[in-house]
Amino acid sequence: MPATYLYLMNEKIRVRFAPSPTGGLHLGGVRTALYNYLFAKKHGGDFIVRIEDTDQTRFVPGAEQYLFDCLEWCGIKPDESPVHSGDFGPYRQSERKSTYRTYAEQLIENEFAYYAFDTPEELEKMRTQLKTPENPSPQYDRMVRMQMKNSLTLSPGEVKSLLANGTPHVTRIKMPADEKISFTDLIHGEVSFDSGLVDDKVLLKADGMPTYHLAVVVDDHLMKITHAFRGEEWLSSAPVHVMLWKYLFGIENMPQWAHLPLILGPSGKLSKRDGATYGFPVFAMNWTDPKTNELVEGFKEKGFLPEAFINLLAVLGWNDGSEQEIFSMHELVEKFSIERVHKGGAKFDFEKAKWYNHEWIKKMPASGISTLVKKLFELKGVSVKDPSYFNTVLELVKDRCTLIPDFYEQAIYFFKEPLVYDEVSIKPKWDEAKKDYFESLAAILGQEDNFNVENIELLFKTLATEKNIKPGELQMILRVMLVGSKIGPAAFAIANTIGKAETISRIEKATIRFESF
RNA sequence: GCCGUGUUGGUCAACCGGUUAAGACGCCUCCCUUUCACGGAGGAAUAACGGGUUCGAUUCCCGUACAUGGUACCA
C-alpha cells in the first residue's frame, strides 16, 4: 500500500481520540487511543482527546474523568484535551454547539442539505409502512425523501413559516443519487461506496446539537486533524463524512482515514457488558455504573501492569514484522506504523494476555512493582516496613507471579509464619529420625554466626550426612516448615531471607505440629 | 434484505507469485528442580470452498460460504 501520508510530512501531524463519555473504556477504545498516540508521537505530532458528548440523553456522570484516569494509567498522555490546554478548544463538543449550526446552514444554502420536519412518529410510520421482508430497515434516502415533510417537498413559504414558528426540525444531508464515493484508507486501501445507497443522515438534531457525522468533520477541520483513526464500525458511515468534507472544506483537505479492525470476544463481538461472562475484564479500569451501581472489573484491578496492557493491545492487530513480542511504550513509538495494522479483526485471548503480564512482571525490577504489591499486602492487613527486605522478597518470587494478586500467595510466608501445613506431604515422611534431625538442625543453626545461603545449606547437608538421611527428603520438609506448602524459591534462600531467628522458630514450631500428624 | 469490510493452526500471527508455510500463546512429552515456578529440548496442530490469471498460486482476479460492522434526531 502506498504510504500516502508521507506527502503531508511537512505539516504537523495531529490526531485525535474522540470517545463518547457514556461508560467504561473497553479494550478496543484503549487500542484506538494507543494507535493514535503512537502514530502522533512517532511523527512528532500532537495527540488530541476530544470528548464527543453530543448526545445529551446518554450523559453519564463521571465517565469523562474515568476516561482520563484510564489514559493516564496506560501512559497515554494527551497534548490537548478538555483538561490539557491547547489552542483548538473547547475540546468538548457540547461546548462547541454553536459552531456546528453555521456549517449546517451553509450546506442548506448550497443545497447539499435540507430541513426535515418529520416527527419521530412520522418517521416510525414511514419505516413500518415501507418495511418488507426484502427491506427490513427502510432508510430516509433519496427514494423516500420526496414523500416526507421537508424543505425539498414543502414550498419555501411553508418552510419559512414552520421555521418561524419554531417547529422542531433536523437538518439532513442530501446524498447525491448516483456518485461513486471512494477514498484511500491507510489500512484497507481504496474503499468505495455508491452514494445512492447511503441514506440522508441527520446532521443537526432537533435540540440543535450536531450528530457525530457533522461534528467529526467540522471539528477535524477546525482542529487541523491530519489523520483520523477510528474503529471499523465507522467505515459504513465514511461516505457521509467524505461528502461533508467535499461540500464544506474540500476533499483535498480531508484527513487520511484509517479504520481499525475490531477486537472480538471469544464468541464474536466483544461487548462492553460481557466482562463477567467471559471471565476476563473488557475495561481498562474498574467501572461502576452510576445508575445501577454495577461494578465491572478492569485490567488494572485484575492485576495487570499498564506496560503489559498496552503491549498486548498494541500487538493485537499490529506487529513490526520481526519476532519481537515484548515492546515498551518507547519501542512502540519508535516502531509503530499504521500500514502494518491488520485488516481483519482479532479475537482477544486472555491466556495470551496473562502471558504478557507475566513477562512484564519478570522483566520489571522489584522497585517497579513494589508499590503495587505493597498496596496489595496492606489491603490484606500485612504491613510492609522494610523496603529493602520487601524488594529482596519480590526479586525472589517475581518469576512465579502472573497477575499482581499472585504475589500474596507467593510471598506471604516471608511476612507471616505458616498457620497450616501441607499435611499430606509431611505425614508419610515424618518419623523419629526426622524429628531428631530437625531438633539438631535448629540447635546447630542457632550457633551459626554467619547465617547465609551457603552456610545454611552446608550445615543442613553435613547434618544429614551425619544422621545418614538423604538431604532431598529433608529439603521438602524444611520447605513446608518455612512456607507451609510446597511452593516458592530454594528453601535455603527462604531461610536466609527470613533470618536466623525466624527460621529456627519455624522449624521448632513445625516440629511440634508435625508430631501430631 | 441491502451495503461495507474481512477470512493463514484452538488463539495472536510472518509471508506481500516459486518457502520443508516462521514465531508466540495454549496443549502434550522429556530435561532441570526431591517444592511451585523460571529455563532448556522436542511434539501435535494452519492457508474456508470453487473457479480463473500464470510456467507456477497461501499470495492476484471473480464467485460461494462464513464472520463482522452499518442500515437511529447513539456514538
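As the structure is a prediction and not an experimental result, all values here were calculated from the model. Lettering of chains follows the sequences in order, A, B, ..., and the numbering in each one begins at 1.
- Contacts of A:V170 with the nucleic acid, taken as non-hydrogen atoms under 4.0 Å apart, include base atoms.
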With side-chain hydrogen bond (donor to acceptor under 3.5 Å, both in side chains) as the test, would you mind laying out the steps for A:T57 and A:D55 before giving the verdict? CA-CA 5 Å; A:T57 65; A:D55 187 353; 2.6 Å; yes
Would you write out the dot-bracket form of RNA chain B, 5' to 3', with Watson-Crick and G-U pairs under 3.5 Å, [ ] for crossing pairs, | for pairs to other strands and . for unpaired bases? (((((((..(((.....[....))).(((((.......)))))....(((((..]....))))))))))))....
Using distance only, find each side-chain donor-acceptor pair of residues 457-464 of chain A under 3.5 Å and give its atom names and separation, not counting sequence neighbours.
unit_1: A:E457; atom_1: OE2; unit_2: A:K461; atom_2: NZ; d: 2.6
unit_1: A:T462; atom_1: OG1; unit_2: A:L458; atom_2: O; d: 2.5

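- Not counting sequence neighbours, the partners of A:S328 by the side-chain hydrogen bond (donor to acceptor under 3.5 Å, both in side chains) test are A:E331.
- Between A:F229 atom CZ and B:A75 atom C1' the separation is 20 Å, expressed in whole Å.
- Closest-nucleotide positions on RNA chain B for A:D199 and A:A346 were compared, and the one nearer the 5' end corresponds to A:A346.
- With sequence neighbours excluded, the residues satisfying salt bridge (Lys or Arg N to Asp or Glu O under 4.0 Å) with A:E95 are A:R92.
- The C1' atoms of B:A57 and B:C16 are separated by 13 Å, rounded to the nearest whole Å.
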Under 4.0 Å protein heavy-atom contact, by nucleotide of nucleotides 58-64 of chain B - B base, S sugar-phosphate only: -------
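- Atom-to-atom, CG of A:L186 to C1' of B:U5 comes out at 16 Å; the value is rounded to the nearest Å.
- Rounded to a whole angstrom, the distance from the C1' atom of B:C66 to that of B:G50 is 15 Å.
- Taking atom C1' on both B:U5 and B:G10, the two are 24 Å apart, rounded to the nearest angstrom.
- No contact: A:S425 has no heavy atom under 4.0 Å from any strand.
- The distance between the ring centers of A:F117 and A:H169 falls below 6.0 angstrom.
- Taking the salt bridge (Lys or Arg N to Asp or Glu O under 4.0 Å) definition, one finds that A:K246 meets it with A:E179, sequence neighbours left out.
- A:R127 comes within 4.0 angstrom of the backbone, heavy atoms only, and of no base.
- Using a 4.0 Å cut-off between a side-chain N of Lys or Arg and a carboxylate O of Asp or Glu, A:E351 and A:K354 qualify as a salt bridge.
- Comparing B:C2 with B:U8, their P atoms are spaced 25 Å from each other, to the whole Å.
- The residue A:L203 sits apart from the nucleic acid: no heavy atom pair falls under 4.0 Å.
- A search for side-chain hydrogen bond (donor to acceptor under 3.5 Å, both in side chains) contacts involving A:W234 returns nothing, not counting sequence neighbours.
- For the C1' atoms, the distance linking B:G26 with B:G63 amounts to 36 Å, nearest Å.
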Nucleotide by nucleotide, nucleotides 23-37 of chain B touches protein heavy atoms under 4.0 Å in the pattern (B base, S sugar-phosphate only, - none) SBS--------BBBB
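- Residue-level contact check: A:P136 touches the bases, meaning some heavy atom is under 4.0 Å from a base atom.
- With salt bridges taken as basic N to acidic carboxylate O contacts below 4.0 Å, one links A:E359 and A:K362.
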How does protein contact run along nucleotides 65-70 of chain B, one letter per nucleotide 5' to 3', with B for base contact, S for sugar-phosphate only, - for none, heavy atoms under 4.0 Å? ---SBS
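- Under 4.0 Å is where a charged nitrogen must lie from a carboxylate oxygen, and between A:E502 and A:R506 at least one such pair does.
- For the pairing with A:H259, the side chain to side chain donor-acceptor pair (under 3.5 Å) check across A:E232, A:K343, A:R230 returns one residue only, A:R230.
- Residue contacts shown for A:S192 are limited to sugar-phosphate atoms, with no base heavy atom under 4.0 Å away.
- Note: A:F304 and A:F350 have tilted aromatic rings, judged against thresholds of 30 and 60 degrees for the angle between ring planes.
- Scanning for side-chain hydrogen bond (donor to acceptor under 3.5 Å, both in side chains) contacts around A:D219 gives A:Q93, A:R96, A:Y100, with sequence neighbours left out.
- Residue contacts for A:V397: at a heavy-atom cut-off of 4.0 Å it reaches no nucleic acid atom on any strand shown.
- Geometrically, A:R145 does not engage A:Y140 in a cation-pi contact, judged by NZ or CZ lying under 6.0 Å from the ring centre and within 45° of the ring axis.
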Atom pairs and distances, side-chain donor-acceptor, residues 484-498 of chain A, under 3.5 Å, sequence neighbours left out:
unit_1: A:K486; atom_1: NZ; unit_2: A:S425; atom_2: OG; d: 3.4
unit_1: A:N496; atom_1: ND2; unit_2: A:F451; atom_2: O; d: 3.3
unit_1: A:T497; atom_1: OG1; unit_2: A:A493; atom_2: O; d: 2.6

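- Within 4.0 Å (heavy atoms only), A:G317 reaches sugar-phosphate atoms of the nucleic acid but no base atom.
- Side-chain nitrogen and oxygen atoms of A:T57 include none within less than 4.0 Å of the OP1 or OP2 phosphate oxygen of B:C74.
- Nucleotide B:C15 carries an anti base; the chi torsion (O4'-C1'-N9-C4 or O4'-C1'-N1-C2) is more than 90° from 0.
- Summarising the geometry, the separation between CZ on A:F17 and P on B:A75 is reported as 16 Å, rounded to the nearest angstrom.
- Using a 4.0 Å cut-off between a side-chain N of Lys or Arg and a carboxylate O of Asp or Glu, A:D220 and A:R50 qualify as a salt bridge.
- Among the heavy atoms of the strands, none lies under 4.0 Å from A:D200.
- The distance between atom CZ of A:F193 and atom C1' of B:U71, rounded to the nearest whole Å, is 12 Å.
- Distances shown here put every side-chain N or O of A:K343 at or beyond 4.0 Å from the OP1 or OP2 atom of B:C16.
- In terms of phosphate contacts, A:N135 brings no side-chain nitrogen or oxygen within less than 4.0 Å of OP1 or OP2 of B:C2.
- Taking atom C1' on both nucleotides, B:U58 is separated from B:G1 by 33 Å, rounded to a whole Å.
- Contact annotation for A:H342: backbone-only contact, meaning every heavy-atom pair under 4.0 Å involves sugar-phosphate atoms and none involves a base.
- Summarising the geometry, the separation between NZ on A:K131 and P on B:C2 is reported as 16 Å, rounded to the nearest angstrom.
- With the nearest nucleotide of RNA chain B identified for both A:H213 and A:V315, A:V315 has the one nearer the 5' end.
- Comparing the P positions of B:A24 and B:G42 gives an interatomic distance of 11 Å, to the nearest angstrom.
- When the C1' atom of B:C73 is taken as reference, atom CZ of A:F117 falls 14 Å away, rounded to whole Å.
- Distance noted for atom P between B:A45 and B:A67: 27 Å (whole Å).
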Enumerate donor-acceptor pairs with a distance under 3.5 Å from any side-chain N or O in residues 310-323 of chain A to protein atoms, sequence neighbours excluded.
unit_1: A:N311; atom_1: OD1; unit_2: A:F327; atom_2: N; d: 3.0
unit_1: A:N311; atom_1: OD1; unit_2: A:W360; atom_2: NE1; d: 2.8
unit_1: A:N311; atom_1: ND2; unit_2: A:E325; atom_2: O; d: 3.1
unit_1: A:W318; atom_1: NE1; unit_2: A:S337; atom_2: O; d: 3.3
unit_1: A:N319; atom_1: OD1; unit_2: A:G321; atom_2: N; d: 2.7
unit_1: A:N319; atom_1: OD1; unit_2: A:R340; atom_2: NH2; d: 3.0
unit_1: A:D320; atom_1: OD1; unit_2: A:S322; atom_2: N; d: 2.9
unit_1: A:D320; atom_1: OD1; unit_2: A:S322; atom_2: OG; d: 2.7
unit_1: A:D320; atom_1: OD2; unit_2: A:S322; atom_2: OG; d: 3.1
unit_1: A:S322; atom_1: OG; unit_2: A:Q324; atom_2: N; d: 3.1

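- Between A:I361 atom CD1 and B:C38 atom P the separation is 12 Å, expressed in whole Å.
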